[in-house]
Amino acid sequence: MALNATWYDAATGSAPPADAGGRGGTVAPGDVVQNVAGVDVAYDRSGRWCAAAAAILSWPHLRVVGEAVRLGPVEAPYRPGDLAAREAGPILGALRDVAPPPDLVLVDGHGLAHPRRRGLACAVGEGIRVPTVGVAKEPLVGRWAPPLSARGAWAPVQDQGEMVGAVVRTRADVKPVFVSVGWGLTLTEAIRWILRLSPRYRLPEPLRAAHAWAGQALRKAPALTNAVLCD
DNA sequence: GCGACAG
DNA sequence: ATCTTGTCGC
């Protein structure tokens, strides 16, 4: 399926799309999405170790066709607004190892819906140069009106006079998720992809798969992690 | 100064 | 994020 991302040609000076957050995509028109990645990071109780997972699902079958998990020490404390410093490194590491390479990446967190328009999804996209969408379970900035209760309903999230994302109802009568552009595509496309990738649950399948992988990797190999990283 | 604050 | 079983409902 075509990604339909908007092309911004810096050379010719054509203007970036209004909903690209002032940052044009660099994905060539006609690109087809065959593999979608979901990335997530899990932490152990002590808060010393973490597992970053990248799950690759085929489109449109949504079958898991690849996965990679990177275990390592937590390098930065949690700071609202600075998640990238804590998770971008591990996530990019997992994405570098996973196969097949994704055409679209879903990130657990915000993209442009961030105080400085530099959420985790933006950092991941700039790192791999592949379109990314930020999907957060909780708001970080902005104001919005609650979307209708039907699946597919959504409302814009505005902050400082800018539309930085959307509140999307991926499942009827269930708390909506916050969607924002990470890198390389428009908000409209981001919303459509999130809905297509969330046929049954609140969160899109790629993120559910990544969450599961990260979690099980962390509690399934604590001894291994300890042996490799401590001695 | 006070409150809010993704994962 | 993480600590955690059962339970109500489709």
Side-chain angles (χ1 to χ4, degrees), chain A residues 21 37-55 69-95 105-127 132-144 149-151 157-160 162 164-168 170-183 187 190-191 194 198-204 206-222 225-226:
Chain A
V39 294
D40 187 33
V41 182
Y43 301 84
D44 74 341
R45 309 186 197 181
S46 71
R48 295 168 53 186
W49 313 104
C50 70
V69 178
R70 171 189 163 174
L71 293 170
V74 173
E75 303 174 333
Y78 170 66
R79 290 272 183 280
D82 199 27
L83 235 199
R86 178 176 167 88
E87 305 190 337
I91 286 174
L92 288 172
L95 283 172
V105 178
L106 271 43
V107 181
D108 197 332
H110 292 97
L112 294 178
H114 175 280
R116 301 183 302 283
R117 309 292 179 260
R118 303 281 286 174
L120 176 62
C122 299
V124 173
E126 289 163 10
T132 60
V133 177
V135 181
K137 298 178 288 299
E138 298 292 336
L140 178 58
V141 298
R143 293 176 55 68
W144 61 90
S149 61
R151 175 179 184 286
V157 170
Q158 295 194 47
D159 183 50
Q160 305 297 132
E162 304 177 272
V164 299
V167 202
V168 183
T170 51
R171 189 174 178 181
D173 303 310
V174 170
K175 181 178 180 178
V177 294
F178 293 77
V179 177
S180 60
V181 168
W183 187 89
L187 177 58
I191 293 172
I194 293 311
S198 309
R200 183 172 181 185
Y201 301 100
R202 181 195 181 210
L203 296 178
L207 285 182
R208 284 166 46 77
H211 187 76
W213 273 107
Q216 81 171 38
L218 204 54
R219 51 190 171 62
K220 198 169 185 178
T225 302
N226 203 46

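By convention in this document, chain letters (A, B, ...) are assigned in the order of the sequence lines, proteins followed by strands, and residues within each chain are numbered from 1.
- Here A:Ala113 lies out of heavy-atom contact (under 4.0 Å) with every strand.
- Here the side chain of A:Arg45 is nearest to one of C:dT4, C:dA1, B:dA6, namely C:dT4.
- Annotation: A:Arg151, atom CZ; neighbour count of heavy atoms from other residues, nucleotides and ligands within 6.0 Å is above 12.
- Look at A:Tyr43 and you won't find any side-chain N or O under 4.0 angstrom from OP1 or OP2 of B:dG7.
- Straight-line distance from the NE2 atom of A:His211 to the P atom of B:dA6: 16 Å, rounded to whole Å.
- Distance check, rounded to the nearest 0.5 Å: CD of A:Gln160 to CZ of A:Arg117 gives 6.5 Å.
- Note on A:Asp82: a base of the nucleic acid sits closer than 4.0 angstrom, heavy atoms only.
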Checklist entry - How is the base pairing of DNA chain C summarised as a dot-bracket string, given the Watson-Crick and G-U wobble criteria with both distances under 3.5 Å, [ ] for crossing and | for another strand? => result ..........
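- B:dC5 atom P lies 9 Å from atom CG of A:Leu140, rounded to whole Å.
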Item to check | A:Val39/A:Glu87 under side chain to side chain contact (heavy atoms under 4.5 Å, CB included): CA gap, chis, key distance, verdict | outcome: CA-CA 10 Å; A:Val39 294; A:Glu87 305 190 337; over 6 Å; no
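- In this structure, CH2 of A:Trp213 is placed 20 Å from P of C:dA1, rounded to the nearest angstrom.
- The aromatic ring of A:Tyr78 does not stack onto the base of C:dA1, failing the criterion of a centre distance under 5.5 Å from the six-membered base ring together with planes under 30° apart.
- Of the candidates A:Leu112, A:Val181, A:Val164, A:Val157, A:Leu187 forms a side-chain contact (heavy atoms from CB on, under 4.5 Å) with just one, namely A:Val181.
- Contact record, A:Leu120 with A:Ala84: CD1-CA, 3.7 Å, taken as the closest heavy-atom pair.
- A:Arg143 has its CZ atom 15 Å from the P atom of B:dA4, to the nearest Å.
- Looking at every heavy atom in both residues, A:Leu203 comes nearest to A:Ser198 through C-OG, 3.9 Å.
- The residue A:Pro115 sits apart from the nucleic acid: no heavy atom pair falls under 4.0 Å.
- Residue contacts for A:Gly134: at a heavy-atom cut-off of 4.0 Å it reaches no nucleic acid atom on any strand shown.
- Residue A:Leu106 holds its CG atom at 4.0 Å from CD1 of A:Ile194, rounded to the nearest 0.5 Å.
- Residue A:Lys137 places no side-chain N or O under 4.0 Å from the OP1 or OP2 atom of B:dA6.
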